Amino acid sequence: MLDTVHGPRDLDRFNRAQLDRLAGEIREFLIENVTRTGGHLGPNLGVVELTIALHRVFDSPRDTIVFDTGHQSYVHKLLTGRHDFAMLRQEGGLSGYPNRRESEHDVVENSHASTALSYADGIAKAYQVRGQSDRRVVGVIGDGALTGGMAWEALNNLACAKDRPVVIVVNDNERSYSPTIGGLADHLATLRMTQGYEKFLSWGKRTLPKAPVFGGAIYETLHGMKKGIKDIVAPQGMFEDLGLKYIGPIDGHDLDEIESALRRAKGFGGPVIVHCITRKGEGYRLARENDQDQFHQVGVINPETGLPYQAQGTTWTDVFADEMVKIGNDRPDVVGITAAMLHSVGLHKFGKAYPDRIYDVGIAEQHAVTSAAGLAFGGLHPVVAVYATFLNRAFDQVLMDCALHRAGVTFVLDRAGVTGDDGASHNGMWDMSILQVVPGLRIAAPRDPGQVRTQLREAVEVSDAPTVLRFSKGAAGPEIEAVDRLGVMDLLRAPENPDVLIVTAGPMAAQGLAAAEILAAEGVEASVVDPRWVKPLDPALVELARGHRAVVTVEDNSRVGGVGAAVTQALQDAGLALPVRVLGIPQQFLNHAKRPVILERIGLTAEGVAAASRAALS
Ligand SMILES: Cc1ncc(C[n+]2csc(CCOP(=O)(O)OP(=O)(O)O)c2C)c(N)n1
Ligand SMILES: CC(=O)[C@@H](O)[C@H](O)COP(=O)(O)O
Ligand SMILES: [Mg+2]
């Protein structure tokens with residue numbers, strides 16, 4: 001049946017039994033394909049019926065369906081005719097998120113959470129201004145994404161627009177990776193509690209009016225009591241308090257129930273919430289039984305066992321995770337903060353060892369940063385661990401709440417540099433550029449596991465300025481020994497009569513040293529230096545450069561406004577007119593592909609550094 005679905009309208013001809021079969025085929029497809037390529041298996045298994053119902057009730061692309069975060073859009077892709085998942089998240093294959101180049105049914109490409117309702121608000125306004133108010137707009141947002149502040153900014157606007165028919169579908173599976181936290185999660189839980197009451201009411205609606213004499217009256221009484229009981233059992237839904245019509249909670253795996261609720265919502269003619277209760281990993285026992293994250297994001301795994309075929313080895317995250325536990329023992333003032341990604345960012349071991357010193361703030365990076373400024377004000381040293389790309393949205397909080405107040409907060413940016421699989425919005429390619437402009441903030445780019453440990457300790461020692469430590473996704477690189485120390489910098493290669501100075505940030509030290517060997521074979525001698533702290537640069541770097549004929553910098557960050565730009569500026573400020581070549585990520589959005597493929601393409605390789613050195617010397 002799935003093979004016959006080339007677009008949403010193909011769903012209209014199926015009856016309920018066929019739709020159930022289609023849902024089963026989709027689950028089989030997802031398990032078979034996503035365990036082979038890696039990807040967001042759990043979230044997509046949880047939205048099979050929901051997505052089928054969405055595309056049966058609404059007429060995409062005339063109606064617009066916006067997925068929040070977009071990691072749960074594989075079913076949407078299948079129903080809009082994209083069945084080739086063989087190269088999912090790889091070069092030339094389907095993106096792991098909606099992608100406008102793939103389909104007219106796709107809207108929001110970025111994977112950053114909590115943005116869908118703002119998009120929906122804007123799209124609905126546009127349709128209204130253009131006289132197309134008959135076009136429905138649907139925002140599908142998870143309970144995790146709903147903990148993001150931007151979602152509430154949008155709800156505040158959506159709620160007051162009584163004449164704009166935006167349908168907000170809350171996909172509530174009670175989890176981000178881990179169980180969703182906070183007051184909102186508790187509120188959603190109380191609303192879920194009334195699900196039993198809803199079922200009782202729908203039983204009443206079906207049976208009582210047929211009951212002789214008092215049946216109808218009894219039903220009306222019960223229905224009238226509904227609000228009352230809901231107030232008792234589930235405090236008056238805050239959504240309704242906001243002015244949003246609330247429908248639910250409904251069983252997000254019962255096609256009839258979802259379709260019925262969506263049709264009611266569609267016909268309502270104003271902002272309305274449909275609260276769907278779903279189960280992440282539904283239909284795949286191994287996912288459902290996975291306590292950590294219900295297979296939120298799997299690598300290439302054996303579908304029979306749920307285990308990876310190859311052990312990943314020690315990752316940069318592992319090195320951080322272990323050192324944090326040791327620091328936690330030495331420094332009772334150190335606390336950890338995660339934005340709903342406890343294991344992904346490596347704070348799970350710290351949290352287990354020091355359960356009173358770990359905070360999961362939900363998908364709320366801005367809050368995480370300013371809350372950290374508060375923790376520092378209160379005499380503690382917070383370590384905020386987030387993916388580099390997600391810190392972008394908390395730039396003002398870093399600048400104003402931390403740096404302006406000289407707060408001793410340490411930011412650990414995982415997934416810094418090219419990540420690859422998750423596409424343009426996930427590469428950690430902007431942090432060493434945007435943070436360059438933050439007065440007082442210091443940035444460390446460790447080149448190997450030993451430096452992660454050393455520089456993390458150096459960072460948490462700083463109590464009068466924010467510090468940043470950034471490292472890549474995946475397996476940690478080899479230890480790279482220094483041949484000398486110059487200020488805070490490590491000299492990695494120091495020939496007698498050097499021609500070119502190669503300045504490497506972080507793990508690009510490996511490329512820099514390999515390039516030096518290539519050059520040496522050509523009779524060109526290269527010094528290689530790791531600044532270790534790339535902001536502020538050690539003034540000794542300029543003195544070191546004086547002994548060379550050219551300088552090349554290389555970083556796994558945007559080349560615009562990054563470390564290379566800072567080095568160039570330092571040389572100019574010192575009146576040192578040396579040829580400089582800056583290697584980094586070009587100022588473009590990088591489509592999904594494997595990390596090595598991208599690094600090769602953009603020249604962040606040994607040969608790339610060697611070629612830049614030859615050019616600088618010519
Ligand atoms: C700003 C931001 N922070 C963190 C993430 C990482 N992330 C991706 S999905 C996810 C959990 C989303 O939970 P929910 O919205 O409930 O969707 P579900 O996976 O449960 O369907 C997180 C934290 C992100 N994509 N964007
Ligand atoms: C959708 C999202 O933002 C995360 O699930 C992300 O895909 C995880 O990336 P990693 O696989 O690098 O942890
Ligand atoms: Mg969720």
Side-chain angles (χ1 to χ4, degrees), residues 38-48 50-51 67-75 88-89 95-98 108-117 139-151 169-182 184-185 188 252 276-282 287 292-300 312 315-317 338-346 360-369 385-394 414-428 471-474 592 595:
H40 290 95
L41 183 53
N44 283 283
L45 288 169
V47 295
V48 173
L50 173 55
T51 311
F67 290 90
D68 195 287
T69 320
H71 62 303
Q72 77 295 61
S73 62
Y74 297 1
V75 182
L88 179 67
R89 309 195 314 164
S95 162
Y97 302 91
V108 180
E109 301 186 359
N110 83 10
S111 59
H112 289 207
S114 316
T115 67
L117 301 188
V140 182
I141 185 165
D143 55 303
L146 207 49
T147 60
M150 211 174 137
V169 177
V170 176
N171 169 33
D172 180 4
N173 53 26
E174 303 177 61
R175 298 182 77 109
S176 278
Y177 284 73
S178 323
T180 304
I181 63 97
L184 170 74
L188 289 174
C276 294
I277 312 299
T278 63
R279 292 178 293 276
K280 206 165 205 173
E282 178 70 1
Q292 182 174 314
D293 67 10
Q294 295 183 332
F295 282 10
H296 173 86
Q297 155 90 301
V298 295
V300 178
Q312 187 173 29
T315 65
W316 295 100
T317 312
T338 177
M341 299 181 79
L342 183 73
H343 290 82
S344 300
V345 299
D360 178 348
V361 298
I363 309 181
E365 286 82 2
Q366 293 172 321
H367 171 69
V369 172
V386 295
Y387 285 8
T389 189
F390 299 141
L391 189 70
N392 294 352
R393 65 170 44 178
D414 199 332
R415 272 50 171 198
V418 171
T419 53
D421 304 336
D422 284 288
S425 53
H426 252 73
N427 295 302
F471 47 75
S472 312
K473 174 171 185 171
H592 56 281
R595 173 177 160 87

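Worth saying up front: this structure is predicted, and the values here are computed from it rather than measured. Below, all heavy atoms of this structure are taken into account, side chains as well, without hydrogens, waters or symmetry copies. Order of listing sets the numbers, starting from 1, for every ligand and every atom in it.
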Minimum-distance protein heavy atom relative to [atom]:
atom                    : result
atom 22 (C) of ligand 1 : Tyr177 CE1, 3.6 Å
atom 25 (N) of ligand 1 : Ser111 O, 2.6 Å
atom 3 (N) of ligand 1  : Glu365 OE2, 2.7 Å
atom 14 (P) of ligand 1 : Gly144 N, 3.5 Å
atom 24 (C) of ligand 1 : Phe390 CZ, 3.2 Å
atom 26 (N) of ligand 1 : Ala113 N, 3.0 Å
atom 13 (O) of ligand 1 : Ser176 CA, 3.4 Å
atom 23 (C) of ligand 1 : Ile363 CD1, 3.5 Å

How long is the span from the [atom1] atom in [X] to the [atom2] atom in [Y], to the nearest 0.5 Å?
X      : Y      : atom1 : atom2 : answer
Leu41  : Tyr74  : CG    : OH    : 8.5 Å
Thr278 : Leu50  : OG1   : CG    : 7.5 Å
Leu146 : Leu188 : CG    : CG    : 6.5 Å
Lys280 : Arg175 : NZ    : CZ    : 7.0 Å
Thr338 : Ile363 : OG1   : CD1   : 10.0 Å

Looking at ligand 1, would His40 count as a contact under a 4.0 Å heavy-atom criterion? no
Partner of Asp421 by salt bridge (Lys or Arg N to Asp or Glu O under 4.0 Å), out of Arg415, Lys473, Arg595: Lys473
Atoms of ligand 1 less than 4.0 Å from [X] heavy atoms?
X      : result
His296 : 9 (S), 10 (C), 11 (C), 19 (O)
His71  : 9 (S), 17 (O), 18 (P), 19 (O), 21 (O)
Thr69  : 8 (C), 9 (S), 25 (N)
Ala145 : 14 (P), 15 (O)
Asp143 : 16 (O)
Asn171 : 21 (O)
Gly142 : 14 (P), 15 (O), 16 (O)
Met341 : 4 (C), 6 (C), 23 (C)

One pair to check against side-chain contact (heavy atoms from CB on, under 4.5 Å): Gln294 and Glu174. What are the steps and the verdict? CA-CA 11 Å; Gln294 295 183 332; Glu174 303 177 61; over 6 Å; no
Of Thr389, Asp68, Thr69, Asn392, the one forming a side chain to side chain donor-acceptor pair (under 3.5 Å) with His112 is Thr389
Could you check whether the rings of Trp316 and Phe471 sit parallel, tilted or perpendicular, using 30° and 60° as the cut-offs? parallel
Can you label the angle between the His426 ring and the Tyr97 ring as parallel, tilted or perpendicular, going by 30° and 60°? parallel
Return the set of residues passing salt bridge (Lys or Arg N to Asp or Glu O under 4.0 Å) with Glu109 (not counting sequence neighbours), or none when no residue passes. none
Contacts of type salt bridge (Lys or Arg N to Asp or Glu O under 4.0 Å), residue Asp414, not counting sequence neighbours: none
Residue pair His296, Ser344: steps toward the side-chain contact (heavy atoms from CB on, under 4.5 Å) verdict: CA-CA 11 Å; His296 173 86; Ser344 300; over 6 Å; no
Measure the shortest side-chain to side-chain distance between Thr115 and Arg393 over non-hydrogen atoms and say whether it is less than 4.5 angstrom. yes
Less than 4.5 Å apart, side chain to side chain, heavy atoms only: is that true for Gln72 and Asn44? yes
Between ligand 1 and [X], is the shortest N or O to N or O distance under 3.5 Å?
X      : value
His426 : no
Asn173 : yes
Ala339 : no
His112 : no

Taking the side chain from [X] and the backbone from [Y], do they hold a donor-acceptor pair closer than 3.5 Å?
X      : Y      : answer
Asn171 : Cys276 : no
Asp143 : Ser176 : no
Thr317 : Val345 : no

Worked verdict on Tyr177 versus His343 for side-chain contact (heavy atoms from CB on, under 4.5 Å): CA-CA 9 Å; Tyr177 284 73; His343 290 82; over 6 Å; no
Run through ligand 2 for me and note each protein residue having a heavy atom under 4.0 Å from it, chain first, then residue number. His40, His71, Tyr97, Tyr177, His296, Gln297, Tyr387, Phe390, Arg415, Asp422, His426, Lys473
Here the Mg ion (ligand 3) sees protein N, O or S atoms within less than 2.8 Å, and their number is 3
If only side-chain N and O atoms count, and only distance matters, is there a donor-acceptor pair under 3.5 Å linking Asp422 with Ser111? no
Can you tell me which portion of Asp68 lies within the under-4.0 Å heavy-atom range of ligand 1? Options are side chain, backbone, both, or neither. neither
